[in-house]
Structure formats: structure tokens, C-alpha cells
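See structure below.
Atoms considered below: every heavy atom in the structure, side chains included; atoms not considered: hydrogens, waters and symmetry mates. For ligands, and for the atoms within them, numbers begin at 1 and follow the listed sequence. These numbers come from a predicted model, not from an experiment.
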Amino acid sequence: MSKSIGIFDSGVGGTSIWQEIHKQLPLENTMYLADSKNAPYGAKSKEDILQLSIKNTEFLLNKGCKLIVVACNTATTNAIDYLRANYDVPFIGIEPAIKPAALHTKSKKVGVLATKGTLSSSLFHNTSKMFAEGIEVFEQEGTGLVELIEAGETNSKKTKELVKKYVDPMLGQGIDCLVLGCTHYPYLIPVLKEILPKNITIIDSGEAVARQTKAVLIKNNLLESVGNNPEHVFYSNSDVGILKELVDNPLAKIEYLDF
Ligand code: DGL
């Protein structure tokens, strides 16, 4: 049996990244770990986020994964340096897409919606400093949004109200790009499209992460060969219902596992 791409997130949000990876790399086996029992990571300390990231990584490595995608901005910005330094497989991370937003904005004002853990990380600050020179970046913590998405409320009245509360002040500042700095948030795009004026561009990193995953597989000679009949296994340590709904793929084997 050929080895899988391992993917983890604090919960179901990283499935937005899985969708992109599966689209760009349809021959690859994948194994996804949703640590929903411990979501949200965003309000936890850096040390707690690191320990959970180590646990998730070791789980996937013990299952024989050949590469790990940290499909969580909060875990990437707080733990990926440690993971890369301590484990012998390639790691792909995800960070808020400041650089594409900085290249795209005309008003020179960009909004970033992300978790507290991401916005307070030094990796996020360094990236902003490096790529957003001359651009005003308006940061907004999306407190409560991960919990609503974990509960399957991607389109409820409560979710709409909270999203509006978070984006209105950034719109008032004159942003023309909104960066989704959390892998749960692409599931809010339908709600965001209802709320945002037409001239606002929504930017997320899913496609770029999948492209980078492919490039790293090729570089390390790990790409799956033609003829593989891929398997997609999803583990969750909480209710699997919402995971099934979001993955929505007949090839996916979705299981509860107490980890
Ligand atoms: N999907 C995670 C991220 O990209 C959510 C973090 C959380 O659980 O707060 O940041």
C-alpha cells in the first residue's frame, strides 16, 4: 500500500484544504485528522498549540504518512518551525495570504480575519512586515466562528450576524481585500458574499497550499504513480456528522476515533 499525505487541523476546517489537494492530486492517498475535541486552538497558549500539533503529527507519522500538511493557520504559525526541526518528513503549512492581498489591493488597505493564536504569532507579524510594506493591514479576531462551523452552522442567522460584526469595521476602514486566515473560514464564503460589497476580493490560501504540496512531493520524489486507486481516510475525535457533510465525497472513509 502506498503512503498517504497526512493532513491535520483543529477540526473540520482543514477539509477546505483537503478539497484543493484532492482536486490537484487525485491519485494521492490522503489521511485527515480532525482534532475537533480540542477545537478551537485559536484561544489556546502557544505551548498548548505546540503540544497538540506534536500529538497530531506523531499520530499521522505512526500511520506511515509521507508528508504532513498542517491545514491550520493557528498550528502553522505557532508550531511549524518546531515540527520541521524535529521530524524527518516534509511539512507544508498555511499562513494568511498577505502577499497575494498586498499585490492585489488598489486601496492599499487589506483586512485579515483570523484566530487570536494566528494574529498574535511572530510568524504572522514577520510575514506582514515582509510583504505588506506600504499597505495598511486591519486585523480582526474571528472569535466564535470556528465553534459555529464545528457545530455545522455555516449559514445560520447567528453566524451571519457574527460575520457582519467582524467585517463591518474593516469595510469602514476602506479595505478592498479580505484575507481568510483560518481554514474554517472558506466555509463562510457564501455568507461573506451576501454581506460584502461586490468590489471586495476574498483571498484564501487553499489553492496555493495544494500547489506547494504537489511541488514538494515532486521535489522529494514522493508523487504517487499512475494506476494507484486512492484511499481517503478521515478521523475525528468528535461528532463525524459535520465532517461527512463538508467532505461530501463518496470515496471518503470517515471514522470516529478517540485520540
Ligand atoms: N482551522 C484553524 C485555523 O486555520 C482553526 C483554529 C482554531 O481551532 O481556532 O486557524
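Not a single heavy atom of Gly11 sits closer than 4.0 Å to an atom of ligand 1. Not a single heavy atom of Gly13 sits less than 4.0 Å from an atom of ligand 1.
When heavy-atom distances to ligand 1 are checked against a 4.0 Å cut-off, Thr183 comes that close through both its backbone and its side chain. At a heavy-atom distance under 4.0 Å, only side-chain atoms of Asp9, from C-beta outward, approach ligand 1.
At least one donor-acceptor pair under 3.5 Å links the side chain of Tyr32 to the backbone N or O of Gly14.
Looking from atom 10 (O) of ligand 1 to the surrounding protein, the closest heavy atom is Thr74 OG1, 2.6 Å. The protein heavy atom nearest to atom 7 (C) of ligand 1 is Tyr41 N, 3.1 Å.
Here is the list of ligand 1 atoms found below 4.0 Å of a heavy atom in Pro40: 7 (C), 8 (O), 9 (O). For ligand 1 and Ser10, the ligand atoms under 4.0 Å from any heavy atom of the residue are 2 (C), 5 (C), 6 (C), 7 (C), 8 (O). In the vicinity of Thr115, heavy-atom distances shorter than 4.0 Å reach the ligand 1 atoms 6 (C), 9 (O), 10 (O). Of all atoms in ligand 1, listed by their number and element, those nearer than 4.0 Å to a heavy atom of Gly42 are 7 (C), 8 (O), 9 (O).
Checked against the 6.0 Å centroid threshold, Phe8 and Phe59 do not count as a close aromatic pair.
For Thr76 and Glu95, the side-chain atoms include no donor-acceptor pair closer than 3.5 Å. For the residue pair Ser121/Thr118, the side-chain donor-acceptor check at 3.5 Å is not satisfied.
Checked against Phe234 for a side-chain contact (heavy atoms from CB on, under 4.5 Å), the options Thr15, Leu33, Leu246 give a single hit: Thr15. Glu150 pairs with exactly one of Ser36, Ser238, Ser10 by the side-chain hydrogen bond (donor to acceptor under 3.5 Å, both in side chains) rule, that one being Ser36.
Salt bridge status for Glu207 with Arg211: present, with a side-chain N to carboxylate O gap under 4.0 Å. Salt bridge Asp176/Lys108: absent, no basic N to carboxylate O contact under 4.0 Å. A salt bridge between Lys160 and Glu194 is present, with a side-chain N of the basic residue lying under 4.0 Å from a carboxylate O of the acidic one.
Geometrically, ligand 1 and Ala39 share no nitrogen or oxygen pair separated by less than 3.5 Å. Polar contact with ligand 1: absent for Thr118 (N/O pair, distance under 3.5 Å). When only interatomic distances are considered, the shortest N/O to N/O separation between Asn73 and ligand 1 falls below 3.5 Å.
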